[in-house]
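Start at 1 with the first residue, then count along the sequence. Note that ligands are numbered from 1 as they come in the structure, with each ligand's atoms numbered from 1 the same way.
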Amino acid sequence: MTLPNSFPHAVDQADSDDLLEFIDDPEDVAPAPLRTRKCWRVLIVDDDREVHNATLFALHDILIDGHPLQFLHAHTGAEALDILRHEPDIAVALLDVVMENESSGLDLVRLIRNELGLAELRIILRTGQPGYAPEMRVIRDYDINDYKTKSELTRIRLLTTLTTAIRSYEQIHTINASRRGLELIVNSAADLFSQRALRGFAEGVLTQLAALLRLAPEGLLCARDAHPQPGALNRPLTVVGAAGRYSVLIDRPLEEIDDPRIVNDVRRCLAEKRNIYTDGATVLYFSGDDGNNAAVFLATRTPLTETDRQLLEVFCVNIAVGLENVNLFGDLEFLAFSDPLTGLPNRKGFIKAIDEHRQRGEAGWTVALIDIDHFSEINDALGHEKGDTLLLAVMQRLRDWLGNPAAEDARATLARVGGDVFGLLAPDRKLDPAALLAQFDAPISVEDYRLPVQATIGLTRLCADSGDGLNVIKTTNIALKRARNDQHTHWRYYTQDMTAATRARLDLLHDLRAAIVGKRGLSVHYQPQIDLASGRVVGAEALIRWRTDDGRNIPPDQFISLAEYAGLIPDLGEWVLRTAAAQLLRWDAEGLPSLRMAVNVSPVQFRDNRFVSRVREVFDTLGVPARRIELEITEGVAMFDADTVIATLRELRSLGAEIAVDDFGTGFSSLSYLQQLPLNRLKIDRSFVSAMTLPDGCGTRIADMVVKLAQALGLSVVAEGVENEAQAALLHNIGCEQAQGYLYARPMDADNFRAWLHARLPAEA
Ligand code: C2E
Ligand code: CA
Ligand code: CA
């Protein structure tokens, strides 16, 4: 009898009362589940039908160690091979030595061991005649359990031989199963350690478990949410990973599963801290520190064998270690992507959220950066603790405003991307900047204070070419900066031309660097300074000019800040000083009246610790009389550490140079501080000069104050931006000694300056 191909790979005895009947009529049997109640599978290989029948007759209602037998039948070596190739878990083969030919039985044994690699299968050789007994070497090499002549095999003998063989099979099988399981565990542990996300870990555990138990991967892993929403009272038990039909439960709280059996089993497992085996379910307990325990629920239709359970116990210990690692990684990741104060995503987390949003490809969303105005001042005034409280209150306002989002908006993300900057990713229809700003209309209470808080918002509408999360943050930041400069609306959407402006600035910087390195297109112009009493030219201010290769004149207001920003100002400043000083010497040589040369020094240049030595170097190499050089510093310099400023100024003075304070009155300077500075001159800012001739005369009062102050400090005064005679007359009246401005001359290049001076000299003479 040959087994048809459709023969099911396993047979459930419960489905078929009579095995023989079943074998005779296999079509009637429905395929059984993979794991079934255990029976010993025995293959009878014999070309004699009688032997099959006799064996069945002898063994038909036998139980060995409590389990029944199941027979498979083959009548040729080829048939036997076919069955062995396709049928798993055959415990014993009762094998006729002589079939088609004298060696077909032994040939089959060789194939079983060497080609099929079936090492666990026990083999009992039977032969009709004693003369065909195989040699001992063969019995040993091919791991043959027993050799009997058929006449020897009485029912009892057959039974004992078979029992011994089956027990031996069970032993070998168990050992191998454990070994395989251990291999899986070792491999899976290595695998699992590389999984960082709890979800990946959970999936890994379920896959490995299924492989271990030879089950379809179906189950779920439940753990406490290690990083719940800020404000959540406890850490809810959540399905963090699932496979098979349980996949739909991922990310759902355990309570929401509407299968009370799963909920109860998982709860019980975690409460009792041990594995639980019930009819139809296996729940495994994984311990982790800090209450990071987890439970795996597996649907197992039949009770697990002892071996399986032992394997699982080992597996659980290993997995617990893996779980701890995962939690550790989770903590690290949480720290890396979250802001500790608010629990919100930080800048990195926000970028990640934007990137994830981009991957979903949902249209109609906007990213906003919300900057709390003057936060650092509030922080300084009230202390950091109250500052933190204020930030939390701001977060709460923003949360309240977002409200309970509709399902499709649930992915809206609030983040804290900087000290006082919040990020918001939300659908356009929700993110109305005016409405958002209105949230700050009412003051925010911080303990006893009611603080008026205002915000400025930059926004980027997400579209296909918004770029990645980092880029979106950048563009939104550009919009935010624009919004800060906008007195009227306090918010701005990012537009392409903003990047164009940034790009243009970058291009300009590139050109400027080339200009400074190649000394191309840069020149110094000179504007005369006049003594108001005598009308004589007493000095000149050196003002830099830049004409780009393509012929554009870039005003210094634009490129000086760029040079400061790019670290080019020390070189540029030194070049101006050198050029101006050299020009002064040239004019001397040409016989022009002895002038003072004023040179501007940027605060960034001033702060450079090589500044003084570079000035000295210029003076030394050129041999210029230092007392005729006046360095114009701005009040911005006074913002730096007083001791350093005073020390630097003293050094400059010791070189012989004079010091003027430019734009005086526009910046912040304390009088006591000013008194300590070794100065020579104050420059009344152009804005006060132009205000002098306005009807309210306010500028005159300030100019008057500056002059009086200068007199009190023993300093001389020069007014800049003098455009008309009236201003000059007023300045003269209040005691201002010198003036500079369009009234006398615009800044001119060296040749024009010389010509202008020559033209004026007869008048002066
Ligand atoms: P500043 O030091 O206040 O220079 C005076 C500015 O006022 C110059 O503008 C000058 O052309 C302009 N000005 C002079 N007289 C009048 C007037 O009667 N009416 C009006 N409306 N303006 C007048 P400029 O050359 O465009 O320079 C602008 C600023 O750039 C300077 O302001 C200075 O802060 C900076 N700067 C110029 N050259 C240098 C330099 O070599 N180094 C540094 N660090 N800064 C420089
Ligand atoms: Ca100046
Ligand atoms: Ca000025």
Which atoms of ligand 1 sit under 4.0 Å from any heavy atom of G741? 15 (N), 18 (O)
Tell me whether ligand 1 is touched by R545 - counting only heavy atoms on the residue side and a distance under 4.0 Å. yes
Report yes or no: is the cationic atom of K386 (NZ for Lys, CZ for Arg) under 6.0 Å from the centre of the six-membered ring of Y449, at an angle within 45° of the ring normal? no
Between Q527 and ligand 1, find which residue part has any heavy-atom pair under 4.0 Å and reply side chain, backbone, both or neither. side chain
Side-chain (T413) to main-chain (L425) donor-acceptor, under 3.5 angstrom: no
Is it true that, when you exclude E385 itself, more than 12 heavy atoms of the residues, nucleotides or ligands shown sit nearer than 6.0 Å to its CD? no
Any idea which atoms of ligand 1 are less than 4.0 Å away from a heavy-atom of D662? 2 (O)
Does atom CZ of R347 have more than 12 heavy-atom neighbours, drawn from other residues, nucleotides or ligands, at distances under 6.0 Å? no
Among side-chain atoms of Q740 and E720, is any donor-acceptor pair under 3.5 angstrom? no
Please find out if the Ca ion (ligand 2) and some N, O or S atom of D662 are separated by less than 3.0 Å. yes
Which of the atoms of ligand 1 are close to R686, meaning less than 4.0 Å from one of its heavy atoms? 5 (C), 6 (C), 7 (O), 12 (C), 13 (N), 19 (N), 20 (C), 21 (N), 22 (N), 23 (C)
Which ligand 1 atoms does D663 reach within 4.0 Å, using its non-hydrogen atoms? 3 (O)
Please name the atom of E632, restricted to N, O or S, that is closest to the Ca ion (ligand 2). OE1
Contact atoms of ligand 1, heavy-atom distance to G721 under 4.0 Å: 16 (C), 17 (C), 18 (O)
Counting heavy atoms only, which of F559, Y744, Y742 is nearest atom 18 (O) of ligand 1? Y742
Which option out of Q740, H525, E723 puts a heavy atom nearest to atom 20 (C) of ligand 1? E723
For F606, enumerate each residue passing the ring pair (Phe, Tyr, Trp, His ring centres under 6.0 Å) test, keeping only those at least two apart in sequence or located in another chain. F611
Residue selection (non-hydrogen contact nearest atom 38 (N) of ligand 1) among V601, L577, I544, V576: I544
Near E541 (heavy-atom distance under 4.0 Å), the atoms of ligand 1 are 2 (O), 4 (O)
Please work out whether the ring planes of W756 and F753 are parallel, tilted or perpendicular, with thresholds of 30° and 60°. tilted
With a 4.0 Å cut-off on heavy atoms, does G573 reach ligand 1? no
What atoms of ligand 1 come closer than 4.0 angstrom to any heavy atom of S602? 44 (N)
Any side-chain donor near an acceptor of the partner, T366 and D428, under 3.5 Å: yes
Considering the options E541, E632, E630, E658, which one meets the salt bridge (charged side-chain N to carboxylate O under 4.0 Å, His left out) requirement together with R596? E630
Residue pairs, two or more places apart or on separate chains, that pass ring pair (Phe, Tyr, Trp, His ring centres under 6.0 Å) and touch residues 522-567: Y526-W587, W546-F559
Minimum-distance atom from the Ca ion (ligand 2) among N, O or S atoms of E541: OE2
